[in-house]
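Remember, it's 1-based here, ligands and their atoms both numbered in the order they're listed. Everything quoted here is computed from the prediction, not taken from an experiment.
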Amino acid sequence: MINEKMYALGATKSKIRELFEYGKELSAKIGAENVFDYTLGNPSVPCPEKVTSVIINEVQNPSIHGYTSAQGNLPVRKAICNYNLKRYGFELSPELTYMTCGAAAGLAITLKAIISSPSDKVLTFAPYFPEYKVFAENAGATLITAPCSEVFDIDAKLVKDVICSDVQAVILNSPNNPSGTVYTEDALISLASLLQSKEKEYGHPIYLIADEPYREILFDGAVCPFIPKYYKNTVICYSYSKALSVPGERIGYVSVSPSCDNAQKLYLAIAGAGRSLGYVCAPSLFQKVIELCVDEVADTSIYKDNRDALIKVLNSSGFTCVNPKGAFYIFMKSPTPNAEDFCDYAKTLGLLLVPSNSFGVNGYVRLATCISPDLITRSEQAFIKLGKHYGLI
Ligand code: PLP
């Protein structure tokens with residue numbers, strides 16, 4: 001027998017991957033210069049020079065290729081906690097920090113550690129990163145969503161309408177993929193207060209999982225509040241994929257806030273989930289890289305320049321969007337309620353855009369801005385044709 005659920009997951013590509021593959025086929029047919037691929041969130045900037053030189057040095061160390069502790073080496077976990085203390089004035093504990101293969105593994109094992117009954121639910125905010133559904137379901141829970149406000153901020157009033165006693169965990173992703181929103185401090189304070197009152201009402205903790213791969217990518221002076229300062233039952237799932245521009249190296253961590261209810265037990269359950277799923281001993285070379293480069297960040301200023309240039313092109317083609325304050329995506333309103341139809345038409349002009357359905361909302365499209373600036377210039381005429389087709393200009 002083969003597990004049908006796993007088969008279905010493996011046999012169906014995500015919409016983003018499907019479009020990316022289509023883009024490659026189209027490039028072979030009509031030439032790469034006529035394909036404008038805005039689909040994939042793959043960082044387009046090099047990693048910091050220090051990261052490269054540490055890799056070159058450390059790869060020559062014969063012991064670097066050995067197993068590490070299942071939870072990761074103590075020096076890197078200490079370096080991470082020292083960095084967070086210096087940067088945010090909040091003390092995390094190396095004893096509650098677990099090195100992972102990026103945020104994806106961190107989310108998967110954290111959910112697995114928390115979910116214990118088939119009636120359990122995980123709540124997130126729409127629009128959301130599509131893999132949350134996969135991770136929540138694999139942990140045995142159902143994903144439910146609360147809508148965001150019109151400008152894609154969290155609105156505690158809307159959360160109140162959907163939260164119920166089965167909710168054991170809430171996933172919060174700021175800066176957000178796909179909307180680019182950096183949730184405001186006021187919104188987080190209201191959410192924290194709602195969750196605290198619901199914990200009392202329901203008689204169990206509601207763990208807030210802060211999924212933070214875009215924490216360092218902020219524009220226009222935006223500030224991304226450090227969630228453990230606002231809510232005691234926080235678990236951080238951090239990733240270096242975007243901050244250091246090393247997504248293929250698979251490195252990140254989970255850190256259980258020391259103020260969490262049953263922090264030690266939760267941490268051990270995360271370690272147990274890591275063990276049961278085979279997510280132990282994150283890449284050793286990259287544990288060393290993080291230990292030595294913990295305060296490095298790739299130069300991501302191009303994402304802001306791309307955002308500005310692309311919004312200009314979109315606006316002059318008649319499209320509207322909220323100006324994103326972080327991450328590297330623009331979430332643009334589709335001129336037709338059915339964003340899939342809109343994206344299908346855009347494809348005929350060589351424009352590859354991701355319809356919002358897979359992010360849990362209708363009527364929008366996502367454009368990744370981690371691209372070469374040249375792509376924006378080359379695609380301008382296609383956007384103008386698209387705007388004209390829909391009568392926007
Ligand atoms: N969470 C969000 C919101 C993402 O956008 C991504 C990747 O794009 C991930 C998690 C997973 O990132 P990684 O596993 O590379 O750290």
Can you give the donor-acceptor pairs under 3.5 Å from side chains of residues 175-188 to other protein atoms, not counting sequence neighbours?
| unit_1 | atom_1 | unit_2 | atom_2 | d |
| --- | --- | --- | --- | --- |
| Asn176 | OD1 | Ser179 | N | 3.0 |
| Asn176 | OD1 | Ser179 | OG | 3.1 |
| Asn176 | ND2 | Asn173 | O | 3.1 |
| Asn176 | ND2 | Tyr183 | OH | 3.2 |
| Asn177 | OD1 | Arg366 | NH1 | 2.8 |
| Ser179 | OG | Thr181 | N | 3.2 |
| Ser179 | OG | Thr181 | OG1 | 2.7 |
| Thr181 | OG1 | Phe152 | O | 3.4 |
| Thr184 | OG1 | Asp153 | OD2 | 2.7 |
| Thr184 | OG1 | Ala187 | N | 3.2 |
| Glu185 | OE2 | Tyr230 | OH | 2.5 |

Query - Thr68 versus Cys281, closest heavy-atom pair with distance - result: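 Shortest heavy-atom separation between Thr68 and Cys281 comes out as N-SG, 3.2 Å.
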Just distance, no hydrogens or angles: give the donor-acceptor pairs under 3.5 Å from side chains in residues 308-324, sequence neighbours left out.
| unit_1 | atom_1 | unit_2 | atom_2 | d |
| --- | --- | --- | --- | --- |
| Asp308 | OD2 | Lys304 | NZ | 2.7 |
| Ser316 | OG | Lys312 | O | 3.1 |
| Ser316 | OG | Val313 | O | 3.1 |
| Ser317 | OG | Val313 | O | 2.8 |
| Asn323 | OD1 | Arg307 | NE | 3.4 |
| Asn323 | OD1 | Arg307 | NH1 | 3.3 |

**Report entry** side-chain hydrogen bond (donor to acceptor under 3.5 Å, both in side chains) pairs, two or more places apart, involving residues 38-49
**Finding:**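 Non-adjacent pairs meeting side-chain hydrogen bond (donor to acceptor under 3.5 Å, both in side chains): Asp37-Thr39, Tyr38-Ser379.
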Requested in this report: Say whether Glu291 and Asn73, considering side chains only, have a donor N or O and an acceptor N or O under 3.5 Å apart.
Outcome: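 The criterion, which ignores hydrogens and geometry beyond distance, is not satisfied for Asn73 and Glu291.
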Query raised in the report: Would you say the side-chain atoms of Tyr214 and Tyr303 include a donor-acceptor pair closer than 3.5 Å?
Result: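 Tyr303 and Tyr214 do not have a side-chain donor-acceptor pair below 3.5 Å.
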Between ligand 1 and the protein, find all N/O pairs closer than 3.5 Å and give the distance for each.
| unit_1 | atom_1 | unit_2 | atom_2 | d |
| --- | --- | --- | --- | --- |
| ligand 1 | 1 (N) | Asp211 | OD1 | 3.4 |
| ligand 1 | 1 (N) | Asp211 | OD2 | 2.6 |
| ligand 1 | 5 (O) | Asn177 | ND2 | 2.8 |
| ligand 1 | 5 (O) | Tyr214 | OH | 2.7 |
| ligand 1 | 8 (O) | Tyr214 | OH | 3.4 |
| ligand 1 | 8 (O) | Lys242 | NZ | 2.9 |
| ligand 1 | 14 (O) | Ala103 | N | 3.3 |
| ligand 1 | 14 (O) | Ala104 | N | 3.0 |
| ligand 1 | 14 (O) | Arg250 | NH2 | 2.7 |
| ligand 1 | 15 (O) | Ser241 | OG | 2.7 |
| ligand 1 | 15 (O) | Arg250 | NH1 | 2.9 |
| ligand 1 | 16 (O) | Ala103 | N | 2.7 |
| ligand 1 | 16 (O) | Ser239 | OG | 2.6 |
| ligand 1 | 16 (O) | Ser241 | OG | 3.3 |

